[in-house]
Amino acid sequence: MLRIWTGPCAALALLGAPSLLAADRPLQLMLPPGATVSTPLAVAPQQIRVLELDSQGEQVSISLFDGDHLLRQLTLPENNRLALRGQPGQPLQLRARSEAPAQLNLKIGAALPSPSPAQPAAEQPASPRLRALQTALESGDTDALNTFWQHMTAHGGPLVEPMADGRQRVTFVVRSPAAAGEVRLFWPAPGINSRQLALLPGSDLRYLSIEVPAGTRASYRLASGLPPMNDQPRAVLRQVLQDLAAADPLNPARWQPDPAAPAQSVLSLPGARPYDWHQPRSDVPKGTVQRLRYHSKRLGNQRQLTLYTPAGKQHDALPLLTLFDEQAYTLEVPTPTLLDNLIAAGRIPPMAAVLVGNPDRASRATELPGNPDFADFLAMELLPWLQTRLPISCAAEDRILAGSSFGGLAAAYVAMRHPQRFGKVLSQSGSFWWSPEGEPPQWLVRQYAEHQRLPLRFYLDAGLLEEPGAEGILGSTRALYEVLQGKGYPVDYQEFAGGHDYLLWRDTLVDGLTALTSDSRGASQSRYCCRRLSCSLAR
């Protein structure tokens, strides 16, 4: 391993060949406090590699540059991998900075294969519009393709066509010649990301059609110029799509919650429910937000916390919202802004909040799913510490545990283990399919079925585009809902027209907080959600 030591004060630019980060040649950088350390990356133009980073648990800001142009930013230790595509001209350069002394280990993977020419689709498109275009091309209409692209440029994409059963067929289209390699959709629903866009014969048009419920809203991006990805591990495929996909050039609707990450396109079909609680409002008082690092003696690690207290007079016994995945719920879901707006509008009572970060990516998958040590850390270490810093209520029914995916699973598990400390659960697309290794799916669902009823109240949701089977998020959330109803728990439940998507979760977080703080215990919301459940099950 090549080890680079920097001076105690000045930033160091590593520009010589010995410090070039090449494949399978680990590099170790020692970061003095406040200094910026940089190293070039051996990634040839259009070549794709995956970079692995390890900051030994310390918080390090990483910036990726093409010359003077900033391409990406991320923060360690939560995000520790990055897919890179080489740019023409100057080599890519990585810059690292830490406010505390830190050790940064880097390793860049071997280059992915070069793109292969795409073969024209053997089957006709499902889209009637594209079938008509293909017929025109086959009949020798040389102007048909230009006319199609002119229409798409003027009216925007993707194509949306109604279906006889009330659903909508959405067709994503991209201009990319056969020689350019694969084109894939990065979409928050299962199964889609493993499919590449097909090539319409006799054209440079790539397309992918999916069928979705009316009123669907989702974020998405498109990745072009990819090598064959079906032979790559699933983690590599997802990393490449996550980091290299870009917004749809035909769709002007964009969403960029993180200015340092690629913008995302927004699909919003007729009937999608409008929300604007995430927008800052000049006439709304702002709460106090504090970000800090917290070291857990019980777990032996450290993580980022964000503490929120509402504006206005200080209360002695505020309800407490504990929300997992701190980084996502400050960027993709602007939780402090949501709380400011909801409190000012009287939709929820004034409340404090703690957003709990993950020590790193790997720990998220070990701490959040059914981990008694993590549950005890929250109840017996973090909560008492919060009580010394925030004016929060001592009553369990005033404390909400909340999260999405594994975070939703964690909220329900921790509440079951410590019902005397946490009385409410807010789960967004919870991963209730999860079970310890060797056990059948839905372990926590079975625990609630077998356990005596606890003094807990629930809000659950899941997307209609998520997996409906027993090992899927939609199917397992339905199963938990039915168990909770059978046990007599107060539970609000809804299924939304979307997928595993922070764009939707910023909206359903509003629904969950409103339901769980309502004096009516959410009866009207439950009736509405039951109707949605019956309809979706009937399909």
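The chain is numbered in sequence order, starting from 1.
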ask   = Please walk me through it: do Ser55 and Gln103 pass side chain to side chain donor-acceptor pair (under 3.5 Å)?
value = CA-CA 6 Å; Ser55 62; Gln103 174 182 307; over 6 Å; no
task = Would you check if His500 and Trp187 make a side-chain contact, meaning some heavy-atom pair closer than 4.5 Å?
result = no
request  = Report the C-alpha separation of Asp376 and Arg417 in whole Å, then their side-chain angles, then the decisive distance to 0.1 Å, and conclude whether the salt bridge (Lys or Arg N to Asp or Glu O under 4.0 Å) test is met.
outcome  = CA-CA 8 Å; Asp376 294 349; Arg417 186 172 174 87; 2.8 Å; yes
key: Thr477 side-chain N/O to Leu474 backbone N/O, donor-acceptor pair under 3.5 Å   = no
query = Under 4.0 Å between a Lys/Arg side-chain N and an Asp/Glu carboxylate O for Arg72 and Asp243?
reply = yes
query = Do Asn301 and Arg303 pass the side chain to side chain donor-acceptor pair (under 3.5 Å) test, and can you show the C-alpha distance, the side-chain angles, and the key distance before you say yes or no?
reply = CA-CA 7 Å; Asn301 57 25; Arg303 67 194 67 234; 3.0 Å; yes
query = Do the non-hydrogen side-chain atoms of Leu320 and Asp398 ever get within less than 4.5 Å of each other?
reply = no
ask   = Is there side-chain contact between Leu383 and Arg399, with at least one heavy-atom pair below 4.5 Å?
value = yes
task = Could you check Tyr294 against Trp385 for ring-ring contact (aromatic ring centres under 6.0 Å, His included), going step by step and ending with a plain yes or no?
result = CA-CA 10 Å; Tyr294 180 88; Trp385 179 82; 4.9 Å; yes
query = Salt bridge between Arg293 and Glu99, side-chain N to carboxylate O under 4.0 Å?
reply = no
message = Measuring only between side-chain heavy atoms, which start at C-beta, is Leu53 closer than 4.5 Å to Asn105?
response = no
Within 45° cone of Phe65 ring axis and under 6.0 Å: Arg95 NZ or CZ = yes
message = Measuring only between side-chain heavy atoms, which start at C-beta, is Arg364 closer than 4.5 Å to Glu78?
response = no
task = Give me the ring orientation class for Tyr413 and Trp443: parallel if the planes are under 30° apart, tilted from 30 to 60°, perpendicular past 60°.
result = tilted
Side-chain donor/acceptor of Arg254 to backbone N/O of Asp248, under 3.5 Å = yes
request  = Establish, yes or no, whether the cationic atom of Arg281 lies under 6.0 Å from the six-membered ring centre of Trp277 and within 45° of the ring axis.
outcome  = yes
key: Step-by-step ring-ring contact (aromatic ring centres under 6.0 Å, His included) determination, Phe458 to Tyr448   = CA-CA 12 Å; Phe458 290 82; Tyr448 271 100; 5.6 Å; yes
ask   = Checking side-chain contact (heavy atoms from CB on, under 4.5 Å) against Leu323, which of Leu355, Val354, Val333 comes through?
value = Leu355
task = Could you tell me how the ring of Phe377 sits relative to the ring of Phe374: parallel (under 30°), tilted (30 to 60°) or perpendicular (over 60°)?
result = tilted
query = Can you find a pair of side-chain heavy atoms, one from Leu84 and one from Gln47, that are under 4.5 Å apart?
reply = no
task = Check whether any side-chain heavy atom of Leu104 lies under 4.5 Å from a side-chain heavy atom of Leu76, and answer yes or no.
result = yes
ask   = Any side-chain heavy atom of Leu94 within less than 4.5 Å of one from Ser38?
value = no
Value rounded to 0.5 Å, distance of CG in Leu305 from OG1 in Thr322 = 10.0 Å
request  = Might you work through the side chain to side chain donor-acceptor pair (under 3.5 Å) test for Asp501 and Ser219, ending with a clear yes or no?
outcome  = CA-CA 7 Å; Asp501 194 343; Ser219 62; 2.9 Å; yes
ask   = If you draw a 6.0 Å radius around CG in Asp276, do more than 12 non-hydrogen atoms from other residues or ligands fall strictly inside?
value = yes
